[in-house]
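Step one of this worksheet: look at the structure below.
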Amino acid sequence: MNILTTLEELVLSGIDTLYSAKADVKTIQFQKTRKEFEGDFTLVVFPFLKMSKKNPEQTAEELGTYLLNNNKNIVSFNVVKGFLNIKLSDSYWINELKIISTDKLFGLKPANSSGKSIMVEYSSPNTNKPLHLGHIRNNLLGYAVSEILKANGHNVIKVNLVNDRGIHICKSMLAWQKWGNGATPESTGLKGDKLVGDYYVKFDQEYKKQIKELTDKGVDEKQAKEDAELIQEAREMLRQWEAGNIEVNQLWKTMNGWVYDGFDVTYKVLGVDFDKIYYESETYKLGKSIVLEGLEKGILIQKEDGSIWADLTADGLDQKILLRSDGTSVYMTQDIGTAHQRFSEFKLNDLVYVVGNEQNYHFQVLKLVLIKLGYNWAEHISHLSYGMVELPEGKMKSREGTVVDADDLIADMIDTARQTSEELGKINDFTGDEATKLFKMIGLGALKYFILKVDPKKTMLFNPQESIDFNGNTGPFVQYTHARIRSVIRKAEEAGIEQYIVGEENIKLSEKEQNLIKLVFEYPNIIAEAGNNFSPAIIANYIYELAKEYNQFYHDHSILKEDNIDIQKFRLSISTKTADIIKSGAALLGMEVPEKM
RNA sequence: GGUCGCAUAGCUCAGCUGAAUAGAGCAUCUGCCUUCUAAGCAGAGGGUCACAGGUUUGAGUCCUGUUGCGAUCACCA
């Protein structure tokens, strides 16, 4: 049984014995003992004063004595004001370490052990332009959250809903037709998504010119935006697409194909993947029948022009259109349909949408409408709403050319990793392939950690001028610590030193050793907490703390040169475990860690 | 205007269900490589936790209000 559970039960029985009172488990608060005091766990005794009818110190003293007498793992306690600090024996911790020492999956729940299936939708790009830094945050979050949910024993289905249809892609298509001269990724050497994105920009430039021509003639701006020939043509193209025009469809397929080839490259470098890819062109008509059914049941309302709405004013929201007067769908309609389809097709317990916080309202409405329509599963929809990535001058604007391109950023990171590694002379004995692999690992590690260490829901700032750090609270720091440990372990193996185990229960642990071993045992809780909160940041901050703690231990103690063989084996063992956890935690963030760096 | 979110060191960020003197990193300054990887370790300075009330034995954390910033409220997605 978990030591904290044991202690909790002991506190309950202690209160019963000492004060003839029944305490609620929820009032028992064990927390980590602060560094400045001696102890492993601290019980806050204030909640029990009413039962003991004594002052905090006395109550803590009595409870401490009770605990000490009733659990052999407790070696001592001390009382500071209303805080009871409890210290467990070194041998307890060492024994615990032994138990997990050969368990490579320590902290992770067995695959599918929870019996729950959770679908995570993420990425969901538009196909008219390349991915940028904002998409990177989405992709890294979606992937990491999926991995964390798996580590919590859930069956996870990662899906991507590609927005492959609509006016935006028609703009690129039209511009390509007009000004492309048959350009292809092959003929230009451009990545497919970049090529298509260039024509999207071209469209916007030409469109603006037309608007200006009109406004110069005295047309007001709003009207000019409507009247401009290009936008008319783009809309006509969308109509033809919907009508199934063969030529338009052919072009659409071709250009989307280029984009997918480009995306695949970016996804592969980022290391994200999907179990299923949905395309809006195949799902955009879903949901219509559900809406009509809702109308029949009187849950939804129809206006005079025939449009169908959900009236959410009673819930403090507005009215929301679900079917236009011409009977066509809006985005919300599709989401209603796809959610329904997914829950029935995959027997989902939960459905998580990784989508930016600009769509908070959308998901609030989606859930509410589904609940009103009577779907019980709607309660199990959640929106992992993440904050925007901003630049020092504010939001990224594609029109102002301030977007940070995903591929460029990744390439920069890898290049910085190369430069830094060369300067530090770290790769002198690496083969070319090994070095290339390492640069990629470090560059991406820096980027991923930088993004994921921030609480998802918060807006984060990225300053392109100050490239992402490689020192301090960073991915490379964590990677370095892993490499450092592995290096010691390799040397131990070469020297034929046994890692495990027997006999070292009686050694005395130093403060650094105690701190490290305690931190190691927090890993399972960290995974659970990260899963409950959909927060990779919790994992990131933990593995940083662990790496930092290890480096202190490493600095103060020698391992291979330690004379006492029991101490040496213990240190080797705790080192191995630390490396395992760093590797495991990093993997949950989609980060790889090197054996050498 | 309505709704929602955010505000912690010069900068970037931690701070889980309230609890001890609010923590890291970067930047600045100072030490530590003939010793298992110095992408490391140690130390110094740096805070009215936006502001004002309230609840509580106890508030950065909960409630109310104010200010500032952001998002959103389309027959857009």
Side-chain angles (χ1 to χ4, degrees), chain A residues 26 29 31 33-34 36-37 42 44-47 49-50 56 80-83 85 126 163 166-168 280 303 305-309 316-326 328-332 334-335 356-362 364-365 385 387-388 390 392 394-395 417 420-421 423-424 426 442 446 450 453-455 457-463 466 469-481 483-492 495 525-526 529-530 532-533 535 537-538 540-541 544-545 547-548 551-552 554-562 571 575 596-597:
Chain A
K26 286 178 187 152
Q29 296 175 58
Q31 47 195 245
T33 301
R34 289 185 152 235
E36 58 264 40
F37 303 107
T42 294
V44 184
V45 301
F46 293 109
L49 301 185
K50 282 174 192 154
V80 181
K81 294 193 250 178
F83 300 90
N85 301 320
N126 291 353
N163 186 3
I167 192 73
H168 51 270
E280 276 200 21
K303 296 201 172 172
D305 59 9
S307 57
I308 300 175
W309 299 70
L317 304 177
D318 296 320
Q319 295 193 335
K320 178 72 196 176
I321 190 158
L322 299 177
L323 279 179
R324 296 189 183 102
S325 52
D326 63 4
T328 56
S329 300
V330 294
Y331 195 65
M332 186 66 74
Q334 174 188 235
D335 267 357
N357 61 13
E358 60 208 348
Q359 292 197 41
N360 283 356
Y361 184 74
H362 173 83
Q364 201 185 346
V365 170
S385 160
M388 299 291 103
E390 292 188 351
K395 282 189 74 173
T420 310
S421 301
E423 278 166 22
L424 292 170
K426 293 281 188 175
I442 295 173
F450 177 82
K453 76 169 178 181
V454 180
D455 184 341
K457 69 170 189 282
K458 291 196 173 173
T459 303
M460 64 176 294
L461 189 117
F462 173 78
N463 188 346
E466 310 166 6
D469 244 299
F470 282 51
N471 298 315
N473 187 354
T474 66
F477 172 89
V478 170
Q479 292 171 317
Y480 171 75
T481 307
R484 212 180 199 192
I485 299 173
R486 296 303 307 170
S487 170
V488 174
I489 292 168
R490 272 195 306 276
K491 290 210 162 72
N525 291 335
I526 293 295
E529 198 187 328
N532 292 335
N533 293 296
S535 177
I538 291 170
N541 287 306
Y544 168 69
E545 201 186 335
K548 192 170 166 52
N551 281 323
Q552 292 174 23
Y554 179 90
H555 182 264
D556 288 2
H557 302 297
S558 49
I559 301 166
L560 302 178
K561 293 180 181 125
E562 170 59 45
R571 288 183 183 161
S575 296
K596 290 192 286 182
M597 76 179 265

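Any value given below was found using the heavy atoms of this structure, including those in side chains, with hydrogens, waters and symmetry copies removed. Keep in mind the model is a prediction, meaning the values are calculated, not measured. Residue numbering restarts at 1 for every chain, and letters A, B, ... go by the order of the sequence lines.
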Distance below 4.0 Å between A:Q359 side-chain N/O and B:rU72 OP1 or OP2: no

Ring geometry between A:F477 and A:Y544 (parallel below 30°, tilted from 30 to 60°, perpendicular above 60°): tilted

Below 4.0 Å: OP1/OP2 of B:rA14 and any side-chain N or O of A:K458: yes

Contact under 4.0 Å: A:R484 side-chain N or O vs B:rC41 OP1/OP2: no

Sugar-phosphate, base or nothing in reach of A:M388, heavy atoms under 4.0 Å: nothing

Between B:rG25 (P) and A:N463 (CG): distance, integer Å: 21 Å

Geometric class of the A:H362/A:Y331 ring pair [parallel <30°, tilted 30-60°, perpendicular >60°]: tilted

Atom-to-atom span, CG of A:N360 to C1' of B:rC73 - whole angstrom: 13 Å

Upstream residue (5' side of RNA chain B) when A:D318 and A:F462 are each assigned their closest nucleotide: A:F462

Sugar-phosphate only, base, or nothing, as touched by A:F470 at under 4.0 Å among non-hydrogen atoms: base

Distance, rounded to the nearest Å, where A:H362 contributes NE2 and B:rU72 contributes P: 13 Å

B:rC33, syn or anti by chi within 90 degrees of zero: syn

Sugar-phosphate, base or nothing in reach of A:K395, heavy atoms under 4.0 Å: sugar-phosphate

A:Y480 side chain near B:rA39 phosphate (N/O to OP1/OP2, under 4.0 Å): yes

Touch class at under 4.0 angstrom, heavy-atom based, for A:V80 against every strand present: base

Sugar-phosphate, base or nothing in reach of A:F477, heavy atoms under 4.0 Å: sugar-phosphate

Ring-base stacking, A:F83 with B:rA20 (5.5 Å, 30° cut-offs): yes

Sugar-phosphate only, base, or nothing, as touched by A:I167 at under 4.0 Å among non-hydrogen atoms: nothing

Touch class at under 4.0 angstrom, heavy-atom based, for A:N126 against every strand present: nothing

Sugar-phosphate only, base, or nothing, as touched by A:L461 at under 4.0 Å among non-hydrogen atoms: sugar-phosphate

Touch class at under 4.0 angstrom, heavy-atom based, for A:Y544 against every strand present: sugar-phosphate

Rounded distance (Å) that lies between atom P of B:rG70 and atom CD of A:E390: 8 Å

Touch class at under 4.0 angstrom, heavy-atom based, for A:K548 against every strand present: sugar-phosphate

Touch class at under 4.0 angstrom, heavy-atom based, for A:S385 against every strand present: nothing

OP1 or OP2 of B:rU37 under 4.0 Å from side-chain N/O of A:K491: yes

Contact under 4.0 Å: A:R486 side-chain N or O vs B:rC36 OP1/OP2: no

A:K320 NZ to B:rC76 P, straight-line distance once rounded to whole Å: 10 Å

Touch class at under 4.0 angstrom, heavy-atom based, for A:D335 against every strand present: nothing

Contact nearer the 5' end of RNA chain B, comparing A:T42 with A:K457: A:K457

